[in-house]
Amino acid sequence: MKNITSKISIVLFIIFITSSVIDAIPAFGRKYQMSCQTCHAPFPKLKAYGEEFAGNGFVLADKDAPRYYMPTGDDQLSLIRDIPLALRLEGYVTYNNRQSKQFDFTAPNILKILSGGALTDNVAYYFYFFFSERGEVAGIEDAFIMFNNLFDTEVDLIVGQFQVSDPLFKRELRLTLEDYNIYKVKTGYAKADLSYDRGIMLTYGLPSGTDFTFQITNGNGIGHASNLRVFDNDKNKIFVGRISQEINEWFRIGGFGLYGKENLENSLNMKFTNTVSVWGPDFSIIPSDKLELNFQYLQRTDKKPDLFLNDLKTSGGFGELIYMPKGDESKWYAVALYNWTDSDDKSLKYSTGTLSLGYMLRRNIRLIGEYTYDTERKFGQFSVGVISAF
């Protein structure tokens, strides 16, 4: 028994020191020779400075990176000297994941390569490629070109693949293994949700702390192109808008709306048109660098997500509380997350409570332990892992 216990301890230790996950790019730290703490606390969660850095096309306004571009003698050529690259490797040990009633070595869970940076003044790019996601080659998710300060204004334009929910709370930057469930919800044969899609995004900010976002997307995710090399499966588009207002330095409130139509086809090749609308408020309360409260509520209506289903309503959201006892100098942190989804489609009903604890071994290495209880299906699941970047 002692030998078995020792072997299990060794396996757990190996998984702890070899598994990792991050959605920041350490290449930015290498480029500017600065700490991850400058933009993250804890990573991959962005601080205000990190938000400004990303919104400025991954360029620090007060610090130029020496020898970033290759001197070619052509003033009209901007050629990056070294392509910025970073790796993400994620793994966990889980128990009763999705009510499996078993321990599972979920490692590697994710392995991907990330790259991003400025191509020239006010033009930047970002993408990541999954070498493996849960054992399969997943391909590209985020991948876009960003045009910053269009026509010498505060308007930014993003073209490519991104998450519709990015202007709200970024799923890729959350601190928990448990997801923000409401962003992935769709019913029947509907294709539009608030996760990944292809399109354009315009953002504009006012000195008053008012931010505007407008999106036009295909509305059918980021699947393969058709035989005609067309990504969209119909002529319709999805329109998205959001307004966010800083009330003061610690309170922000926002409103979100989505509307569009989608031509659908069921398993019997019968065609119909669904009209989808999503709306709802969100807010963040950050009284200090130690405490942060985030809240999201969304109401979704599908007029015809299936041939024989009409006017299906789905509502839900999440509340998230983040505690860091010493602010961005904290060695440990805690996250409490509550997800809920209620729907006329009973299969979408969802309700979970999560407690996640993390400990920072280094600025770019943290341990995580997480427990989630599903109050809808009456079971709990437990995960441990390590998170790092390189």
Side-chain angles (χ1 to χ4, degrees), residues 38-41 44-62 118 121-124 126 142 144-160 162-174 180 182-183 194-195 197 199-217 237-260 277-289 291-300 315 317-322 328:
T38 307
C39 294
H40 302 275
K45 180 179 176 293
L46 284 175
K47 296 161 57 175
Y49 191 82
E51 293 278 6
E52 181 181 353
F53 172 69
N56 198 42
F58 311 119
V59 172
L60 295 181
D62 57 348
D121 293 342
N122 295 323
V123 182
Y126 176 81
D142 275 331
F144 55 80
I145 298 290
M146 177 180 180
F147 299 90
N148 195 41
N149 298 329
L150 285 178
F151 311 114
D152 293 324
T153 69
E154 294 300 315
V155 176
D156 296 339
L157 171 66
I158 291 176
V159 181
F162 48 82
Q163 296 207 57
V164 177
S165 60
D166 276 351
L168 298 166
F169 299 101
K170 292 179 172 61
R171 292 173 59 217
E172 294 294 327
L173 300 183
R174 70 185 188 276
Y180 301 150
I182 193 65
Y183 291 159
L194 272 63
S195 64
D197 212 331
I200 63 170
M201 182 191 308
L202 286 165
T203 66
Y204 179 69
L206 295 175
S208 61
T210 308
D211 294 324
F212 300 91
T213 303
F214 177 70
Q215 301 175 17
I216 304 176
T217 68
K237 297 297 179 190
I238 299 294
F239 300 91
V240 180
R242 181 176 186 264
I243 182 172
S244 173
Q245 177 64 54
E246 290 185 2
I247 305 302
N248 52 41
E249 62 181 10
W250 55 268
F251 182 55
R252 180 198 58 77
I253 189 168
F256 175 88
L258 176 152
Y259 179 85
S277 62
V278 183
W279 64 271
D282 63 271
F283 67 79
S284 291
I285 299 175
I286 309 176
S288 71
D289 62 351
L291 198 63
E292 179 175 337
L293 174 64
N294 300 313
F295 176 82
Q296 176 74 73
Y297 174 81
L298 291 171
Q299 175 80 52
R300 174 174 176 142
S315 62
F318 59 85
E320 178 184 53
L321 182 64
I322 303 171
D328 61 7

Nearest 0.5 Å, please: how far is [atom2] in [Y] from [atom1] in [X]?
X: Phe162; Y: Gln215; atom1: CZ; atom2: CD; value: 4.5 Å
X: Ile158; Y: Phe147; atom1: CD1; atom2: CZ; value: 11.0 Å
X: Phe212; Y: Thr203; atom1: CZ; atom2: OG1; value: 11.5 Å
X: Ile247; Y: Ile285; atom1: CD1; atom2: CD1; value: 11.0 Å
X: Leu206; Y: Glu246; atom1: CG; atom2: CD; value: 11.5 Å

- Decide yes or no for Leu298 and Leu258: does some side-chain heavy atom of the first lie under 4.5 Å from some side-chain heavy atom of the second? no
- Query: Should Leu291 and Leu321 count as side-chain neighbours, where that means a heavy-atom distance under 4.5 Å?
  - Reply: yes
- Message: I'd like to know whether Asp156 forms a side chain to side chain contact (heavy atoms under 4.5 Å, CB included) with Asn149, so could you lay out the CA-CA distance, the side-chain angles of the two residues, the decisive distance to 0.1 Å, and finally the verdict.
- Response: CA-CA 5 Å; Asp156 296 339; Asn149 298 329; 3.9 Å; yes
Could you tell me which non-hydrogen atom of [X] sits nearest to which non-hydrogen atom of [Y], and how far apart they are?
X: Met201; Y: Pro167; answer: SD-CG, 4.2 Å
X: Thr153; Y: Leu150; answer: OG1-O, 2.6 Å
X: Gln299; Y: Ser315; answer: OE1-CB, 3.7 Å

- Message: Using side chain to side chain contact (heavy atoms under 4.5 Å, CB included), reason through Val164 and Ile238 one step at a time and then give a plain yes or no.
- Response: CA-CA 10 Å; Val164 177; Ile238 299 294; over 6 Å; no
- Message: Can you confirm whether more than 12 heavy atoms, excluding those of Glu154, are under 6.0 Å from its CD atom?
- Response: no
- Message: Test of understanding: with ring-ring contact (aromatic ring centres under 6.0 Å, His included), list the residues that count as partners of Tyr297, not counting sequence neighbours.
- Response: none
- Message: Checking Phe318 now: which residues fulfil ring-ring contact (aromatic ring centres under 6.0 Å, His included) with it, not counting sequence neighbours?
- Response: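 Partners of Phe318 by the ring-ring contact (aromatic ring centres under 6.0 Å, His included) criterion, ordered by chain and then number, come out as Phe169, Tyr180, Tyr183.
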- Message: Run the side-chain hydrogen bond (donor to acceptor under 3.5 Å, both in side chains) test against Gln163 and tell me which residues pass, sequence neighbours left out.
- Response: Arg171, Tyr196
- Task: Mind running side chain to side chain contact (heavy atoms under 4.5 Å, CB included) on Asn148 and Asp121 for me, showing each step along the way?
- Result: CA-CA 8 Å; Asn148 195 41; Asp121 293 342; over 6 Å; no
- Between the side chains of Gln296 and Asn294, does any donor sit under 3.5 Å from an acceptor? no
- Quick one: list whatever passes salt bridge (Lys or Arg N to Asp or Glu O under 4.0 Å) with Asp166, sequence neighbours left out. none
- Message: Going by side chain to side chain contact (heavy atoms under 4.5 Å, CB included), name the residues that satisfy it together with Phe239, two or more places apart in sequence or in a different chain.
- Response: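 If we apply the side chain to side chain contact (heavy atoms under 4.5 Å, CB included) test to Phe239, skipping adjacent residues, the hits are Phe214, Ile216, Lys237.
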Donor-acceptor pairs under 3.5 angstrom involving side-chain atoms of residues 249-257: please list them, not counting sequence neighbours.
unit_1: Trp250; atom_1: NE1; unit_2: Asn248; atom_2: OD1; d: 3.4
unit_1: Arg252; atom_1: NH1; unit_2: Ser244; atom_2: OG; d: 3.3
unit_1: Arg252; atom_1: NH1; unit_2: Asp282; atom_2: OD2; d: 2.9
unit_1: Arg252; atom_1: NH2; unit_2: Asp282; atom_2: OD2; d: 3.2
unit_1: Arg252; atom_1: NH2; unit_2: Ser284; atom_2: OG; d: 3.0

